[in-house]
Amino acid sequence: MSTNPTHWTKVDNYFTDLLTPADPVLTAALQDSEAAGLPAINVAPNQGKLLHLLAQLQGAHRILEIGTLGGYSTIWLARALPADGHLLTLEYSPKHAEVAAANLTRAGLDKITEIRTGPALDSLATLHAESPAPFDLVFIDADKANNPHYVEWSLKLTRPGSLIIVDNVVRGGEVTNPKSDDPSIQGTRAALELIASHPKLDGTAVQTVGTKGYDGFALARVLD
């Protein structure tokens, strides 16, 4: 097995070209995000397609996304929804939210998506107080230090059978380091330990390599 990142990128590009053809709306979303100076930390195209397929397999009508950035993953997820579906995405930065809103409007998804701006923990508390219908899928891709809190809130906002996805859980392999003083690593470890120990969650984690480097994600199903 090759450990050469150049090979990882070539394989990712092959998969993307073959299975995820170029899409002008998604391309424009990335271009506008770059032009606005947003960090290039969006999911890769084949990862976006995976989110899309998972949402479809889940039969999701309601999706919660924690961490919008420029709306690239939001578009992938929202496109999996039925016409009467709804996606709520939470973004800390007003600038990022503005770019995402324009990208979602261009994608024709502004009627079924909603962006809330501000610290996600505050937005989640407000959302919970509104007693919304449960979400079928939650995608967590925000500040990693708060990952365990995001998982806890996700449990309060979902139902048995819902799917929770936590992105970027490998941290270049440093997730195995219990002595790390990096809040992102400690937050990720805490989230994984919560998934492992919580009686209402059944989950796993998968390592990935590709254009985004060495990383991975966790999947957890909400139990009865």
Side-chain angles (χ1 to χ4, degrees), residues 1-16 30 33-34 37-51 53-54 64-74 76-77 89-93 96 119-124 137-155 163-222:
M1 178 183 294
S2 172
T3 57
N4 186 335
T6 301
H7 294 169
W8 302 346
T9 299
K10 287 178 65 176
V11 172
D12 250 16
N13 289 338
Y14 168 71
F15 287 157
T16 296
L30 292 177
S33 295
E34 181 180 9
L38 274 60
I41 55 175
N42 50 275
V43 300
N46 52 345
Q47 294 170 346
K49 183 67 173 289
L50 175 62
L51 292 173
L53 291 172
L54 287 171
L64 173 63
E65 180 183 49
I66 304 174
T68 316
L69 195 61
Y72 183 77
S73 57
T74 319
W76 275 112
L77 287 165
T89 183
L90 309 179
E91 173 53 47
Y92 176 80
S93 166
H96 295 181
L121 292 179
D122 293 345
S123 296
L124 288 164
L137 184 150
V138 181
F139 179 49
I140 300 172
D141 190 15
D143 56 307
K144 312 308 175 186
N146 280 315
N147 272 347
H149 304 303
Y150 296 147
V151 173
E152 289 170 345
W153 275 114
S154 296
L155 273 168
L163 178 65
I164 300 171
I165 306 168
V166 186
D167 201 13
N168 307 127
V169 300
V170 171
R171 316 306 304 165
E174 281 299 301
V175 72
T176 62
N177 181 6
K179 297 181 179 180
S180 173
D181 59 2
D182 184 337
S184 295
I185 293 170
Q186 291 300 330
T188 298
R189 285 176 60 89
L192 291 168
E193 290 162 8
L194 177 60
I195 291 171
S197 63
H198 201 289
K200 290 188 63 177
L201 288 173
D202 185 23
T204 190
V206 177
Q207 300 180 83
T208 61
V209 296
T211 58
K212 309 305 291 187
Y214 176 35
D215 212 331
F217 58 91
L219 295 171
R221 185 173 184 267
V222 180

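In this chain, numbering begins with 1 at the start of the sequence shown.
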Original post:
What pairs of residues pass the side chain to side chain donor-acceptor pair (under 3.5 Å) test when at least one of them lies in residues 193-208, not counting sequence neighbours?
Top reply: Gln207-Tyr214

Original post:
Should we count CD of Glu34 as having more than 12 external heavy atoms under 6.0 Å?
Top reply: no

Original post:
Cut-off 3.5 Å, side chains only: do Glu65 and Thr74 have a donor facing an acceptor?
Top reply: yes

Original post:
Which heavy-atom pair separates Leu121 from His149 by the least distance, and what is that distance?
Top reply: CD2-CB, 3.7 Å

Subject >> Pairwise side-chain contact, Thr188 with Asn168, heavy-atom cut-off 4.5 Å (strictly under) >> reply: no

Original post:
Side chains of Asp143 and Tyr92: do they bring a donor and an acceptor to under 3.5 Å?
Top reply: no

Subject >> Main-chain N/O of Thr211 paired with Asp12 side-chain donor or acceptor, under 3.5 Å >> reply: yes

**OP:** Taking all non-hydrogen atoms of both residues into account, name the closest pair between Val169 and Asp215 and its distance.
**Re:** N-OD1, 3.4 Å

Original post:
Checking Gln47 side chain against Ala44 main chain: does a donor-acceptor pair fall under 3.5 Å?
Top reply: yes

Subject >> Pair Asp141 + Lys144, salt bridge at N-O below 4.0 Å >> reply: yes

**OP:** Taking Ser93 for its side chain and His96 for its backbone only, find out whether a donor-acceptor pair lies under 3.5 Å.
**Re:** yes

Original post:
Any donor-acceptor pair under 3.5 Å linking the side chain of Thr176 with the backbone of Gly173?
Top reply: yes

Original post:
Can you name the nearest heavy-atom pair linking Ala191 to Pro148, along with the distance?
Top reply: CB-N, 3.9 Å

Original post:
Does Leu163 reach the side chain of Val138, with side-chain heavy atoms less than 4.5 Å apart?
Top reply: no

